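Letters A, B, ... are given to chains in the order of the sequence lines, protein chains preceding strands, and every chain is numbered from 1. All values reported here derive from a predicted model rather than from experimental measurement.
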2 protein chains.
Amino acid sequence: MNFEQLKEKTRSIINKVSTISEGSLDLVSDLIVIEIYEKGDVFIDRGKRNHKEYFVFEGVCRSFLLSPEGEEVTISFFLEDSVLSPNKTRTANQISHLNFQALTKLTVASLNADKFEQLMINHLDIREFGNMVLQNELLAKVEKEIGLASLNAKERLILFREKYHFLENLISHVDIASYLGITNVSLSRLRKSLIA
Amino acid sequence: MNFEQLKEKTRSIINKVSTISEGSLDLVSDLIVIEIYEKGDVFIDRGKRNHKEYFVFEGVCRSFLLSPEGEEVTISFFLEDSVLSPNKTRTANQISHLNFQALTKLTVASLNADKFEQLMINHLDIREFGNMVLQNELLAKVEKEIGLASLNAKERLILFREKYHFLENLISHVDIASYLGITNVSLSRLRKSLIA
DNA sequence: CTCATCCTTTAACAAATGTTAATGGATTTG
DNA sequence: CAAATCCATTAACATTTGTTAAAGGATGAG
């Protein structure tokens, strides 16, 4: 991928959230380093330092944590052409409090988070982009929280299908079940009940 | 409350999160307007404009939303001497997507969010304070999400008691139950089962 | 103080979800 | 290609949580 291709890919991802100027796009693109991971790779480890922002160029990944019982709980999915949670929202003192894992072959653009923060401070359009990412992140969390707190599992699965239609045939049902707050056995039961 | 008292109250709230300089404290305190609400008052309405940041000086409040079934779902509690979710994380285009309600007599300090954002841009210590609030906000959400997705209701009640032990005798159990993702009947049952 | 209202508790039953275990299909590895 | 492994499904049963209704207790208005 040459710089022009990289820039166009970045443009399309950023513009889906909030438009920025050509000059700002150049400033952002200049920070990008491409990283490639294989299916199953954990590319951000809870407890380790992480000082990057990420755009998902190709593939799908998830954030997850271990429950008190030691089971992996999927927090969020990130699809192709989307922006990962802002660094500030998933770290403390640059130490990650979440794990991130590639669920398919994954290509991401990574950016130094401190340099990106400086761009946000100095450029209104980049700041607005960053703030929109933040707002979308919180909005998604609130929506998920409402689902977990007030819907039953069947209703949550229906909403999941509306939002992540193609994931169900692409990734492990164990990961989907923990995202929905149920066991994979319950997920299988619900899938059957929704065929009719 | 005179300006000195207001400033000291603000200092203690901010310093619990991240220390700022005397000058920065003055800049923040100058933006403050005191607002007083009665128990039950909804002081931020979903769908209406809100362009303020808030510190809770006295009392307790909650954020809530209506589920698809029309039931109120408590998202978060905010205790005395804490900072409300940053404006950017609960609005889109300055339009609130959450309701906030006083659960006791409530005194809050409100600040113009745009002016506060400018302070964040221009002052590193204020920016770090704002970012810490943001991080804590997200951290709390992730913790709650893990609870809802991987613990049963009894375990969630135990964690709630560790975090908010005095709320249980202060506010309606209906609000607590919807926070825990259960009915108030189930909450009563769990309370009984935990006496032994 | 008394009545009305709201909230919490309790009970009985229904529904949803979890647990364990077995099976078969798909995929990977040697 | 064959064996091994992983994953989704299914079934039986246990447990948790929801629903509805009734009753008692606390709180606030008149």
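- Between the side chains of B:Asn87 and B:Thr91, a donor-acceptor pair is found at a separation under 3.5 Å.
- With sequence neighbours left out, B:Phe55 forms a ring pair (Phe, Tyr, Trp, His ring centres under 6.0 Å) with no residue at all.
- For the helix from C:dC1-D:dG30 to C:dG30-D:dC1, the axis fitted to the five pairs at one end and the axis fitted to the five pairs at the other end meet at an angle of 50° (nearest 10 degrees).
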Considering only distance and modelled atom types, tabulate donor-acceptor pairs under 3.5 Å from the side chains of residues 66-73 of chain A, sequence neighbours left out.
{"from": "A:Ser67", "atom 1": "OG", "to": "A:Glu69", "atom 2": "N", "distance (Å)": "3.2"}
{"from": "A:Ser67", "atom 1": "OG", "to": "A:Gly70", "atom 2": "N", "distance (Å)": "3.4"}
{"from": "A:Ser67", "atom 1": "OG", "to": "A:Glu71", "atom 2": "N", "distance (Å)": "3.2"}
{"from": "A:Glu72", "atom 1": "OE1", "to": "A:Arg62", "atom 2": "NH2", "distance (Å)": "2.5"}

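- Looking at residues two or more places apart in sequence or on another chain, you find no side-chain hydrogen bond (donor to acceptor under 3.5 Å, both in side chains) involving B:Lys88.
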Pairs under 3.5 Å (N/O, protein and nucleotides 5-12 of chain D):
{"from": "D:dA8", "atom 1": "OP1", "to": "A:His173", "atom 2": "N", "distance (Å)": "2.8"}
{"from": "D:dT9", "atom 1": "OP1", "to": "A:Arg191", "atom 2": "NE", "distance (Å)": "3.2"}
{"from": "D:dT9", "atom 1": "OP1", "to": "A:Arg191", "atom 2": "NH2", "distance (Å)": "2.9"}
{"from": "D:dT9", "atom 1": "OP2", "to": "A:Ser188", "atom 2": "OG", "distance (Å)": "3.2"}
{"from": "D:dT9", "atom 1": "OP2", "to": "A:Arg191", "atom 2": "NE", "distance (Å)": "3.2"}
{"from": "D:dT9", "atom 1": "O5'", "to": "A:Ser188", "atom 2": "OG", "distance (Å)": "3.2"}

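- Other residues sharing the hydrophobic cluster of A:Leu148, ordered by chain and number and joined by side-chain separations under 4.5 Å: B:Leu148.
- A 4.5 Å side-chain heavy-atom check between A:Leu180 and A:Phe160 finds at least one atom pair inside the cut-off.
- The ring-ring contact (aromatic ring centres under 6.0 Å, His included) contacts involving residues 123-152 of chain A comprise nothing, where partners must be two or more places apart or lie in separate chains.
- Side-chain contact, B:Ser188 with B:Arg191: no donor N or O sits under 3.5 Å from an acceptor N or O.
- For the residue pair B:Glu137 / B:Ser85, a side-chain donor-acceptor distance below 3.5 Å is found, with atom types taken as modelled.
- Side-chain contact check for B:Ile171 versus B:Phe77: some heavy-atom pair is nearer than 4.5 Å.
- Near-neighbour residues of DNA chain C inside residues 64-71 of chain B, defined by a heavy atom below 4.0 Å, are absent.
- Annotation: the span from B:Ile176 atom CD1 to B:Leu170 atom CG amounts to 8.5 Å, rounded to 0.5 Å.
- For A:Arg90 and A:Phe100, the positive end sits near the middle of the six-membered ring, less than 6.0 Å away and at most 45° from its axis.
- Residue pairs meeting the side chain to side chain donor-acceptor pair (under 3.5 Å) criterion with at least one partner in residues 22-34 of chain A, sequence neighbours excluded, are A:Lys7-A:Glu22, A:Lys7-A:Asp26, A:Arg11-A:Glu22, A:Ser21-A:Ser24, A:Ser24-A:Asp125.
- B:Leu159 belongs to a hydrophobic cluster with B:Leu151, counting contacts under 4.5 Å between side-chain heavy atoms of Ile, Leu, Val, Met, Phe, Trp and Tyr, direct or through other members.
- Annotation: of the two residues near DNA chain D, B:Gly181 and B:Lys39, the 5′-most nearest-nucleotide partner is B:Gly181.
- No cation-pi contact links A:Lys52 to A:Phe43, judged by a cut-off of 6.0 Å to the six-membered ring centre and 45° from its axis.
- Here the range on DNA chain C touched by chain A, meaning any atom under 4.0 Å from one of its heavy atoms, is C:dT17 to C:dT20.
- Listed in residue order, the members of residues 151-166 of chain A having a heavy atom less than 4.0 Å from DNA chain D come to none.
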